[in-house]
Every structure is written in C-alpha cells, then in structure tokens.
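Notes follow the structure.
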Number of protein chains: 2
Amino acid sequence: MCKCHNVHHFHHSKEGCPGFRMEKFIQPCMLLLLYERPAHGYELMERLQRCGFSGNIDPGVVYRNLRKMEEEGWIRSEWESGESGPARRRYTLTPEGEEAIHGWAVHVRYQMERLKAFLDKYEEFFRNDEGKED
Amino acid sequence: MCKCHNVHHFHHSKEGCPGFRMEKFIQPCMLLLLYERPAHGYELMERLQRCGFSGNIDPGVVYRNLRKMEEEGWIRSEWESGESGPARRRYTLTPEGEEAIHGWAVHVRYQMERLKAFLDKYEEFFRNDEGKED
DNA sequence: AGCATCTATATGCATATAACATATAGAGGA
DNA sequence: TCCTCTATATGTTATATGCATATAGATGCT
C-alpha cells in the first residue's frame, strides 16, 4: 500500500487563497510513486488520493502530467494489452527520472523552508493554536 | 528590520522543476509584512527580498498583487504626496486582511504538510544527506 | 539646461497552468 | 440494450507568470 504513514488526509478549504495551487507538485509525487513500482495512470490516481492528495484528482491532470514527464524523459511507457479491461499504459521510471526526483527534492525542500519561515513569523505574531482546529 | 530570523537566503535553482512556482505565496507574505506596519510597494519589495524571497523581485508581481489584494478588500491604500521623491501609495492592512492572513496560514500549513510528506517519503527511500550540500 | 539615476507605480503581451467538462472505448453485468 | 467500471485522452476557458516596458517626480552631475 501507500507508504505515506505521516499523511492523515488533511481537510481544508482553499477559499480566500486563490491561485496558490501548487498543482505541479503532482509531478514529483508521481515520480516517487513510480520509483516504488511501475504503474499505469489509473492506479497512480488512486495511490495519489491515498497519499494526502486533495480529494478528487482530475484524470486530465494525471495523464497530461504523465505525458509531459515522458517528454522530459523521466518516465517511459508501454501499452499493456490483453488480460481484462481496456488497454493500459504502464509507466516506468527512467534513470533520468530518478535524477529528477533528487532535483525536485531540493526544490521542494527550498519551498518548504519558505512556507515554514512564513508560518514561524505568523505564529510569532499571533501565538495562537490554530493548528489544533483540525 | 525584518524579523525573518530563521531564513538564511536560500540559494537554489529550479531547473528541472518547471511550473512549480508558488508565486501567489507572495500575497500572504505581503499581508504579514503589512501587519507589521503599513508600507508602500517599493518598501515591500525590499523587505520581501530580505525575507528569503527569491533574488530579484519583479515589481510587476508586487504591484499587481497589491492591486488584487486591494480588490479583495484585504488592504487599503492612500496616496502619500509631498515630502520627497515621487508620490507613493501607502498600503494598510484591513480587518478583512487580518482574517485573510489566518486563512492563508491554514492553507500554507496544509501545503507544507504535503511537501513534508513528500520529503519524508523521499528520505525514507533514499536516506541520503543532500540537505548538507548547501 | 541637458542628462542620467534613483525612487515609485503601473501596464502589455506571449505563454504556461489550472479547472472543468467531455470524448473514446473495452469489459462485464442487469 | 443500457449502465457502470476501468482506462486514457483532449478541448475550452480563465487565470497566472515572466519579462519587458511605460510613466514620472526628485536628485545630482556636468
């Protein structure tokens, strides 16, 4: 199953925060999932949902990002015909994709520091315990 | 001065991470700076730079976001004429803006948890010390 | 006076992204 | 036949972003 042991399906509304979407973040997440094991898009959708990804994932987002990452050379795909159900495209991580994960990790860590700096400052100013309203 | 005591002017390149931009994050940052004290756009640009915001800030980004936040009712502006230099627009946080900060904080915390979950998983898989390559 | 520079605000435009809807299609069941 | 589930893919529209550029007062230099 999913190894996101520390993700507890956050509930939140982004009302009042238009545009701060971070959807491209789905790319490193999918790369990491594919590092765990090859998969097809539909399976990735399910695994992303179980990994704290916001409620319903738009299939369009998943497949378009898979295409883009294949163009980048981070993943490779092959049709899996036969068996049962419609044909599926099985995605595998490439060595370049594994490198990309490291690049993303640096970037993600940087962004996380920025968010943390904001929150530290926020809490310094307001010193409340809104974190427990979950 | 700037109270971002825990921000050490991160250096990084976002090569290989196209689209993960998070520029809207400038909004809550500016709101928090305006909570500290009223300011005009040019001053905010400088204070943002001192607060770990990426190198050179595009003035367009700053002023456009100020306009949008004024439309939202989060900030209010008045022309400061006279004294020296060209006229400047002095921005003040409104009560709605202070509420917005709390909303943003929830959202930002949520996003930070997502990033943290990714990084935890990443480190679980790779167990390296890339954090020290700084 | 003429000119560059700094402060300060603002807009234009091409492209990238996001949100949402919709299309296509095989397989299995009622 | 029709519906649903699995599975992939595209179109449309609105918004966001990156980068360049416009405007303009004040100041200092030659």
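Per chain, numbering begins at 1; letters A, B, ... match sequence-line order.
- Looking only at atom types and distance, the side chain of B:Arg89 has a donor-acceptor partner in the side chain of B:Ser77 under 3.5 Å away.
- Mapping B:Pro59 and B:Asn65 onto DNA chain D via the closest heavy atom, the residue that lands nearer the 5' end is B:Asn65.
- Between B:Glu71 atom CD and C:dA10 atom P the separation is 12 Å, expressed in whole Å.
- A:Arg47 contributes a side-chain N or O that, together with a main-chain N or O of A:Leu33, makes up a donor-acceptor pair within less than 3.5 Å.
- Across every non-hydrogen atom of A:Phe118 and B:Ala105, the tightest pair is CE2-CA, 4.0 Å.
- Ring pair A:Phe126/B:Tyr35 is tilted by interplanar angle, where 30° to 60° counts as tilted.
- Separating the CD atom of B:Glu78 from the P atom of C:dT9 is a distance of 13 Å, rounded to the nearest angstrom.
- The distance from atom NE2 of B:His40 to atom C1' of D:dA26 is 14 Å, rounded to the nearest whole Å.
- At the phosphate of D:dT8, OP1 or OP2 sits under 4.0 Å from a side-chain N or O atom of A:Tyr63.
- For the pair B:Ile57 CD1 and D:dT17 P, the computed distance is 14 Å after rounding to whole Å.
- Among C:dA18, C:dT9, D:dA9, the nucleotide with an atom closest to any side-chain atom of A:Lys24 is C:dA18.
- Distance, A:Ile26 CD1 to C:dA18 P: 10 Å, rounded to whole Å.
- Applying the 4.0 Å criterion to OP1 and OP2 of C:dA10, one finds that B:Arg64 has every side-chain N and O outside that range.
- Atom-to-atom, OH of A:Tyr42 to P of D:dT4 comes out at 14 Å; the value is rounded to the nearest Å.
- Put simply, CG on A:Leu44 is 13 Å from P on D:dA9, counting in whole angstrom units.
- In this structure, the nucleotide among C:dA21, C:dT17, C:dA10 sitting nearest to the side chain of A:Asp58 is C:dA21.
- Within the model, atoms CD of A:Glu113 and CG of B:Leu115 stand 10.5 Å from one another, a figure rounded to the nearest 0.5 Å.
- Taking atom CZ on A:Arg89 and atom P on D:dT10, their separation rounds to 9 Å, with Å as the unit.
- Residue A:Trp79 has its side chain nearest to D:dA9 when only D:dA20, C:dT17, D:dA9 are considered.
- Considering only the side chain of B:Pro86, D:dA24 comes nearest among D:dT8, D:dA16, D:dA24.
- Where B:Glu46 and B:Gly60 each meet DNA chain C at their nearest nucleotide, the meeting point lying more 5' is that of B:Glu46.
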